[in-house]
Amino acid sequence: MEQLHQSIIDAVREAGAIVRSADEDKGVKEKSGHQDLVTRYDSAVQRFLEERLLSLLPEAGFLGEEDAPNHTEREWVFIVDPIDGTTNFIKGIPIVGISVGLARNGQMEQGVVYNPYTDDMFTARRGHGAFCNGKPISVTNNPLADGISFFGTSLYYPELEDRSFAIAKKLFESSLDVRRLGAASLDLCYVAAGRGECYFECSLFPWDYAAGSLILEEAGGIVTDMTGAPLRFDHRCSMAAANTASHQQLLDLIAGCGWRGDKMGAGS
Ligand code: LIP
């Protein structure tokens, strides 16, 4: 498994070269709506990764953001976001995560998240710790009051807007400050690396968080949906991730804003 892990890392790094090679004509198209965008590079990176990863583990299935699921009933499944932070990529904001998770029977076993602009390679294998560019990383033990809180706006779901910003405002009042990176995989890895203390988002897809959730857990963090239930990797889910000192406070703050696991997005 260690050799497979290194081969996955190598494939993700090569995918990063495709992202860095992008020219001005990104071939931007709308998916579900005006704010849900995809480029020809999302598709190209996913095609590259699907071919390479399935050559490494032919018996695996593949679940990627930009195409229909491929044998996701299998024991091993790659869960991939080829360019997490697509809108950042389109705008030239260098906060982009190439995210590859490998699940076994629905449990994450390996995670790799790479930002090709900063050359930050976040990695984890279950039970073996979390790393950034090969150096061990771990969450802080700061309480929220001493922390940076990351959040996402679930902008594909306007019905979640008021709740998202109500929770973000409460976090702003309870933390040092808030940040909205635009790439869930990096939000999770930044908490794992101690660059912040918590992250929430009302609705994400499994490819947004599959790899980053394992990296954060292996860095000593806690990752659940916004009701405190375990994450799911077979459908959309809300996200409440934090270091151990802040996770319960985050859940209490979310519950105080009336979140009861809305059908649109939460795991429960
Ligand atoms: C993005 C997530 C982000 C979320 C956006 C979008 P994409 O993923 O990483 O956290 O707020 O709505 O889902 O679409 O760029 O791969």
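From a predicted model like this one, the values you see are computed outputs, not experimental measurements. In listed order, ligands and their atoms are each counted from 1.
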Any carboxylate oxygen within less than 4.0 angstrom of a Lys/Arg side-chain nitrogen, looking at [X] and [Y]?
| X | Y | result |
| --- | --- | --- |
| Arg125 | Glu109 | no |
| Glu66 | Arg47 | no |
| Lys170 | Asp252 | no |

Name the closest protein heavy atom to [atom], giving the residue it belongs to and the distance to 0.1 Å.
| atom | value |
| --- | --- |
| atom 10 (O) of ligand 1 | Glu201 OE1, 2.9 Å |
| atom 5 (C) of ligand 1 | Leu155 CD2, 3.7 Å |
| atom 9 (O) of ligand 1 | Asp84 OD1, 2.5 Å |

Distance-only N or O hit between ligand 1 and [X], under 3.5 Å:
| X | value |
| --- | --- |
| Leu204 | no |
| Thr87 | no |
| Gly152 | no |
| Ser185 | no |
| Asp187 | no |

* To do: Give the contacting part of Thr86 toward ligand 1: side chain, backbone, both or neither, where contact means a heavy-atom distance below 4.0 Å.
  =>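 Both parts.
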* Examine the proximity of ligand 1 to Tyr156 and report which part, side chain or backbone, both or neither, has a heavy atom under 4.0 Å away. =>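 Side chain only.
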Output the distance between atom [atom1] ([X]) and atom [atom2] ([Y]), rounded to the nearest 0.5 Å.
| X | Y | atom1 | atom2 | value |
| --- | --- | --- | --- | --- |
| Glu197 | Phe150 | CD | CZ | 8.0 Å |
| Glu14 | Asp10 | CD | CG | 7.0 Å |
| Ser175 | Leu144 | OG | CG | 5.0 Å |

* Asked: Does Ile90 sit in a hydrophobic cluster with other residues, and if so which ones, taking ILVMFWY side chains as linked at heavy-atom separations under 4.5 Å, directly or through other members?
  ->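 Reading the cluster by chain and number, Ile90 sits alongside Val28, Leu37.
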* To do: Report yes or no: does a heavy atom of Arg180 sit under 4.0 Å from some atom of ligand 1?
  =>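 Yes; Arg180 lies near enough to ligand 1 that a heavy-atom distance drops under 4.0 Å.
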* Asked: With a 4.0 Å cut-off on heavy atoms, does Ile83 reach ligand 1?
  ->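 Per 4.0 Å heavy-atom rule, Ile83 contacts ligand 1.
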* With Glu173 via salt bridge (Lys or Arg N to Asp or Glu O under 4.0 Å) - residues at least two apart ->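 Checked Glu173 against salt bridge (Lys or Arg N to Asp or Glu O under 4.0 Å); matches are Lys169.
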* Asked: Of all the atoms in ligand 1, which lie at a distance below 4.0 Å from a heavy atom belonging to Asp81?
  ->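 Selected atoms, number and element: 16 (O).
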